[in-house]
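Structure record follows, encoded as structure tokens.
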Amino acid sequence: MNKIEVGKKYYMNLYGLCPWEIMTETETMHYDPEVYESKVVRVNTTNNLYNKKFNFIEVTYRGNGVFYESLTKTKILVTEAPYDCELEDFNDSMVTKAYLDLDDYITISKQIHNKDVDINMFFEANKKIRETIARASLVYDTNGYKIYSKNDENGKIYKTLPNNERTNIMIDLCNEAEISKYRTILELNNAYNNFIKPSDELIKQAYKENEAYNLTLKSKAKKDSK
């Protein structure tokens, strides 16, 4: 197994670069014909940013799942350890495959009494994915693409694309990824704010409880005055 070490250079496949995105996933239950839609935050590996001709980029491993592209110094994150090689210091507690289902917390009741909603779990998941996204806008799909050794054979593939063209491609990819990252963070903010904001039902319930409490006080005051 190829061992990825801090400070050493490797190659990545341009096709493997992906953005963070808000995506809508559909699901059907075998006992229910209805289609359920769910809004999720994750790496969009089905929409790779580079869709031109095949080539490599040269990267240096800087540790904790982060690589730097040689020409632009762009940070590239891997959210899980590659199946074909070992990352010397990869720590699952610091870099994990980030996935958050926002609809679990947006569309359902926000009432604290609802045992299906774990507020602390949502806050932790929201915090974790923010920390992961903050590491890099560009993510490398290690499930679909390898991290290649820097040798003569792979070097020939790398040299088929001029450096200036590769630089321009990386700049464009970074711009796209930054926009996608901004939208993702915005959606995470919305989910957080929606969750901590009381639902209309909860507000109505609070009013009713307050009215009942006031009536109880008035009733008690009348009895005490007799």
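Heads up: numbering here begins at 1 and tracks the sequence. Just the heavy atoms: all of them, side chains too, but no hydrogens, waters or symmetry mates, feed the values below.
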> SG/Cys174 to CD1/Ile179 distance, rounded to the nearest 0.5 angstrom?
Replying inline: 11.5 Å
> Can you tell me how far NZ of Lys150 sits from OG of Ser70, rounded to the nearest 0.5 angstrom?
Replying inline: 7.5 Å
>> If hydrophobic clusters are built by linking Ile, Leu, Val, Met, Phe, Trp and Tyr wherever their side-chain heavy atoms come under 4.5 Å apart, do Val6 and Ile4 end up in the same one?
In response: yes
>> Walk me through whether Thr142 and Glu80 qualify under side-chain contact (heavy atoms from CB on, under 4.5 Å).
In response: CA-CA 7 Å; Thr142 53; Glu80 55 188 312; 3.7 Å; yes
>> Looking at Tyr68 and Thr72, would you say the former's side chain and the latter's main chain have a donor-acceptor pair under 3.5 Å?
In response: no
> So do Lys181 and Ile133 actually touch side chain to side chain, heavy atoms under 4.5 Å?
Replying inline: yes
> Distance from Asn154 atom CG to Tyr11 atom OH, nearest 0.5 Å?
Replying inline: 7.0 Å
> Is there a side-chain contact between Phe67 and Thr60, using heavy atoms and a 4.5 Å cut-off?
Replying inline: no
> To the nearest 0.5 Å, what is the distance between OG1 (Thr74) and CD1 (Ile171)?
Replying inline: 8.0 Å
> Are Leu14 and Met170 side-chain neighbours, meaning at least one heavy-atom pair lies under 4.5 Å?
Replying inline: yes
>> For the NZ atom of Lys8 and the OG atom of Ser149, what is their distance to the nearest 0.5 Å?
In response: 9.5 Å
> Just how far is it from atom CZ of Arg130 to atom CZ of Arg135, taken to the nearest 0.5 Å?
Replying inline: 15.5 Å
> Hey, does Thr160 have a side-chain heavy atom less than 4.5 Å from the side chain of Asn55?
Replying inline: yes
>> One pair to check against side-chain contact (heavy atoms from CB on, under 4.5 Å): Ile22 and Arg183. What are the steps and the verdict?
In response: CA-CA 8 Å; Ile22 307 297; Arg183 290 173 178 163; 5.6 Å; no
>> Between Met12 and Ile76, is there a side-chain heavy-atom distance shorter than 4.5 Å?
In response: yes
> Cation-pi between Arg166 and Tyr158: NZ/CZ under 6.0 Å from ring centre and within 45° of the ring axis?
Replying inline: yes
>> Test side-chain hydrogen bond (donor to acceptor under 3.5 Å, both in side chains) on Asp172 and Asn175; report intermediate values, then the result.
In response: CA-CA 5 Å; Asp172 288 342; Asn175 290 338; 4.6 Å; no
> Between Tyr145 and Tyr140, what is the ring plane arrangement, given parallel below 30°, perpendicular above 60°, and tilted in between?
Replying inline: tilted
> Is any side-chain heavy atom of Thr79 less than 4.5 Å from a side-chain heavy atom of Val43?
Replying inline: yes
> Is a donor on one side and an acceptor on the other found under 3.5 Å between the side chain of Ser180 and the backbone of Glu176?
Replying inline: no
> Are Tyr182 and Ile129 in one and the same hydrophobic cluster, where Ile, Leu, Val, Met, Phe, Trp and Tyr link if side-chain heavy atoms are under 4.5 Å apart?
Replying inline: no
> Would you say the side chain of Glu69 lies within less than 4.5 Å of the side chain of Leu138, judging by non-hydrogen atoms?
Replying inline: no
> Backbone N or O of Ala136 within a donor-acceptor pair of the Trp20 side chain at under 3.5 Å?
Replying inline: yes
> Quick one: does Tyr10's side chain get under 4.5 Å of Tyr148's, heavy atoms only?
Replying inline: no
